Structures are given as structure tokens and as C-alpha cells.
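See structure below.
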Amino acid sequence: MTGRRGFSPAVRRRRLGAELRRYREQAGFTIEQVAEHLRCSTSKISRMETGQIGSSPNDIREILTLFRVGEPTLYELVEVAKETRQRGWWQRHGAVLTSEFVAFEQAASMIRSYEAQCVPGLLQTEDYARQLLAGAQDLLADGEDEKLLENRLQVRMRRQSLLTQEDPLQLWCVIDESALLRPVGGSSVMRGQIDYLIKMSEMDNVTIQILPLRVGAHPGMEGSFAILRFPHESDPDAVYVTTATGGAFLEKREDVARHVRIFEMLTSLALSPEDSREFMHSLWKEGE
């Protein structure tokens with residue numbers, strides 16, 4: 001459910017893995033010793049601890065018993081292991097995503113992002129998103145491809161409920177001016193998209209700043225990224241960096257801190273939220 005803050009199988013795996021690693025180190029066991037006890041490969045234990053794979057409740061119970069973890073904590077983490085094996089709502093649409101970004105997005109309490117090429121997915125109109133997906137993927141070659149495009153579009157539109165649900169996501173975006181000047185779908189689609197951005201910028205949980213072209217070179221020129229913050233204290237911030245193959249997560253503390261600094265510099269260079277709204281109004285009028 002999109003309204004359930006903090007639920008995501010991928011984030012549950014990440015949290016469970018961190019707890020497994022912490023209890024293993026406290027108990028003084030090596031990954032090799034745990035793998036031998038569980039009669040599995042060291043690779044499996046390593047991937048469990050990094051959240052790359054889910055863990056069966058039986059494996060978790062056996063590992064935590066080895067570490068002599070108390071029954072209340074053991075029970076809690078076995079329940080978490082059960083949740084790592086559930087499917088997110090977006091997975092019912094098939095292989096329409098190349099990363100787990102949507103899973104992490106569902107669990108985030110705040111996202112700070114810089115977008116260099118296009119309007120962020122959570123702020124796209126359906127017409128804009130359709131044209132963007134078709135242009136990027138060339139998915140309209142036959143009927144099967146058109147169905148795939150519709151699946152991707154449904155996922156993108158449903159994700160936006162995060163901004164309007166009870167306990168909504170806090171979203172702070174810096175959007176490069178060039179993203180608004182690129183006529184995705186033509187002038188009519190862009191007028192609708194800019195009008196929608198203006199409307200969304202008036203929401204209490206959404207902040208939009210436009211980075212003008214006149215700024216010239218700036219710290220975000222390496223590409224778009226998103227910084228995700230989670231409500232649970234056991235889930236540290238993560239950065240998602242857009243790549244040609246979909247994207248990648250950065251979780252090292254120094255990588256996250258670097259992107260936080262970049263975002264702070266971008267917000268200082270960008271127009272204020274109020275001036276950004278006026279700027280978008282001027283673009284809308286120019287398109288009439």
C-alpha cells in the first residue's frame with residue numbers, strides 16, 4: 001500500500017541486513033563461520049547483510065540463535081524477514097523498472113533531488129510522462145511495446161499518490177531551466193506540465209526551485225540525483241544517481257554527505273521557491 005509509510009520489501013531487506021551484521025560483529029563471528037553453520041556459501045551471508053537478497057524466516061531464526069539474540073528481538077527480526085519476501089504493488093506491473101528506486105521511494109519520508117534533463121517523475125503530468133517514456137524507450141514499435149509503455153505509465157502515475165496521501169512525502173526539487181525549455185510532446189503538453197508544476201509548488205509538502213541557465217557551470221553538472229531520507233532511525237540516508245542503464249544507489253556516508261553539499265549549493269544558486277513560481281508563470285505565458 002502506498003499509504004503505509006516506511007513499508008518496502010527492499011528497505012526491509014536493507015534494515016534486516018544491517019541488524020544481522022551488527023549482531024554478528026557483537027557476537028564475534030565471521031561471515032565464514034556463519035556460512036558454515038548455515039551450510040551455505042559466504043556469498044549468501046554477505047548478500048543478506050548488504051540487503052541484496054531476502055532472508056527466509058528459518059535462516060534468520062537459526063542465525064540469531066547462533067548469536068544468542070534474545071527472544072523478543074529474534075521474533076521481531078523473523079517478522080521483518082517475512083516482510084522482505086512480500087511483493088510491492090509496482091511489481092504486479094511486471095519488469096517495468098530497471099532498479100529498486102520505487103521501492104525505496106515508497107519508504108522515504110523526504111526526497112531532495114536535482115533534475116537536469118526533465119521534470120521529476122513525481123511531478124509529471126500523464127501527457128508529459130507518456131511522451132517522455134515513448135521518446136526515451138521507443139516503446140511504440142508494436143502492440144506488445146505499447147502495453148509495456150502503459151504499464152510504466154501506470155506505475156509512474158500511481159507513485160504520485162505519495163504527495164497527497166495522509167502523512168505525505170516531503171519533496172524538495174531543484175529543476176534545471178533546460179528541462180522546462182525542452183518541448184517534450186510539443187507546446188500544448190509543456191503548457192500543461194508547467195501549469196501543473198505551478199499548482200504542485202503551492203502544496204505545503206512540495207518545494208520547487210528552478211536553476212537558471214544564466215548560472216553557468218554549477219556543482220550538479222555531473223548529473224541528476226535524489227537523496228532519500230527514511231523515517232526509521234536504523235535506515236540511513238541513501239543517494240540514487242541516474243545512469244544510462246537506470247541508476248545506482250550510493251550508501252557510503254561520504255557519498256551521501258557529498259551529494260547533500262551539492263544539493264545545498266544548488267539550492268543557493270537556484271531561484272527561490274517564490275521566484276521560481278513567477279519564472280514558471282512567465283514561461284507559461286510565453287507559450288501561449
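As the structure is a prediction and not an experimental result, all values here were calculated from the model.
- A pairwise comparison of heavy atoms in P231 and A108 identifies CD-C, 4.4 Å as the closest pair.
- What you find for I227 and V239 is that their closest heavy atoms are CG1-CG2, 4.1 Å.
- No donor-acceptor distance shorter than 3.5 angstrom exists from the side chain of S41 to the backbone of A35, with no hydrogens or angles considered.
- For R277, there are no salt bridge (charged side-chain N to carboxylate O under 4.0 Å, His left out) partners two or more places apart in sequence or in a different chain.
- Classification of R130 and E126 as a salt-bridged pair holds, one side-chain N sitting under 4.0 Å from a carboxylate O.
- More than 12 heavy atoms of other shown residues, nucleotides or ligands fall within 6.0 angstrom of atom CD in E79.
- Aromatic ring centres of F29 and F67 lie closer together than 6.0 Å.
- In this structure, Y196 and Q124 have side chains that are not in contact, with every pair of non-hydrogen atoms separated by 4.5 Å or more.
- Put simply, the side chain of S109 does not reach to within 4.5 Å of the side chain of L169, judged on heavy atoms.
- Note: the hydrophobic cluster containing V34 also contains I53 (ILVMFWY, side chain heavy atoms under 4.5 Å, direct or indirect links).
- Between E49 and R22 there is no salt bridge, since no side-chain N of the basic residue sits under 4.0 Å from a carboxylate O of the acidic one.
- Rounded to the nearest 0.5 Å, atoms CZ (F279) and CD1 (I198) are 11.0 Å apart.
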Before giving the answer on side-chain contact (heavy atoms from CB on, under 4.5 Å), spell out for L211 and L269 the whole-Å C-alpha distance, their side-chain angles and the decisive distance to 0.1 Å. CA-CA 7 Å; L211 184 67; L269 292 170; 3.8 Å; yes
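- The side-chain heavy atoms of L122 and L171, taken from C-beta on, include a pair separated by under 4.5 Å.
- Hydrophobic clustering keeps V174 apart from M221 (ILVMFWY residues linked when any side-chain heavy atoms are closer than 4.5 Å, directly or through intermediates).
- Residues M280 and I210 meet the side-chain proximity criterion, which asks for heavy atoms closer than 4.5 Å.
- Rounding to the nearest 0.5 Å gives a distance of 12.0 Å between NE2 of H281 and CG of D275.
- Of all heavy-atom pairs spanning L20 and L64, the tightest one is CD2-CD2, 4.0 Å.
- A donor-acceptor pair under 3.5 Å is formed between the side chain of N205 and the backbone N or O of L163.
- Using a 4.5 Å cut-off on side-chain heavy atoms (C-beta onward), L123 and I208 make contact.
- Remark: side-chain polar atoms of S46 are not paired, donor with acceptor, to backbone N or O of T42 under 3.5 angstrom.
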Would R182 and M190 satisfy side-chain contact (heavy atoms from CB on, under 4.5 Å), going step by step from the backbone distance to the final call? CA-CA 8 Å; R182 182 169 290 104; M190 289 306 299; over 6 Å; no
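- One finds no salt bridge joining R253 and D237 here, because no Lys/Arg side-chain nitrogen approaches an Asp/Glu carboxylate oxygen to under 4.0 Å.
- Without hydrogens or angle criteria, Q209 side chain to T267 main chain gives a donor-acceptor distance under 3.5 Å.
- In this pair, F225 and H259 present their aromatic rings perpendicular. The plane angle is above 60°, beyond the 30 to 60° band.
- For residues 60-74, the set of pairs meeting the salt bridge (charged side-chain N to carboxylate O under 4.0 Å, His left out) definition, not counting sequence neighbours, comprises R39-E62, R61-E71.
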Please evaluate residues V256 and E251 with respect to the criterion side-chain contact (heavy atoms from CB on, under 4.5 Å), reporting the C-alpha separation (whole Å), side-chain torsions for both, the decisive distance (0.1 Å), and the verdict. CA-CA 6 Å; V256 174; E251 300 184 70; 5.7 Å; no
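- In terms of heavy atoms, H218 sits closest to L266 at ND1-CD2, 3.6 Å.
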Begin with the C-alpha distance, continue with both residues' side-chain angles, and end with the deciding distance and a verdict on side-chain contact (heavy atoms from CB on, under 4.5 Å) for V184 and C118. CA-CA 9 Å; V184 175; C118 60; 5.9 Å; no
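- Side chain of S224 to backbone of A116: a donor-acceptor contact under 3.5 angstrom is found.
- Using a 4.5 Å cut-off between side-chain heavy atoms of Ile, Leu, Val, Met, Phe, Trp and Tyr, with links allowed through other members, M203 and L162 fall into the same hydrophobic cluster.
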Applying side chain to side chain donor-acceptor pair (under 3.5 Å), run through S56 and N58 and close with a yes or a no. CA-CA 5 Å; S56 74; N58 287 338; 5.5 Å; no
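- Residues Y240 and F249 place their aromatic rings such that the two centres sit under 6.0 Å apart.
- To the nearest 0.5 angstrom, D127 atom CG is 12.0 Å from R191 atom CZ.
- The heavy-atom pair separating G121 from Q160 by the smallest distance is O-NE2, 3.0 Å.
- In this structure, R258 CZ and E254 CD are separated by 11.0 Å, a value rounded to the nearest 0.5 Å.
- Side-chain contact between I63 and M48: present, with at least one pair of heavy atoms (C-beta onward) separated by less than 4.5 Å.
- For the pair E115 (side chain) and Q117 (backbone), a donor-acceptor distance under 3.5 Å is present.
- Within 6.0 Å of CD in E36 there are 12 or fewer heavy atoms belonging to other residues, nucleotides or ligands.
- Checking side-chain atoms of T73 against main-chain N and O of G70 turns up no donor-acceptor pair under 3.5 Å.
- Looking only at side-chain heavy atoms (C-beta outward), R159 and F101 come within less than 4.5 Å of each other.
- Looking at Q193, its side chain never comes within 3.5 Å of a backbone N or O of S188 through a donor-acceptor pair.
- The two atoms that bring P57 and V78 nearest to each other are CB-CG1, 3.8 Å, heavy atoms only.
- Under a 3.5 Å cut-off, the side chain of Y128 and the backbone N or O of V119 do form a donor-acceptor pair.
- Between atom NZ of residue K44 and atom CD1 of residue I31 there is a gap of 13.5 Å, rounded to the nearest 0.5 Å.
- Distance check: R21 CZ to I45 CD1 gives 13.0 Å after rounding to the nearest 0.5 Å.
- Looking only at side-chain heavy atoms (C-beta outward), S55 and L16 come within less than 4.5 Å of each other.
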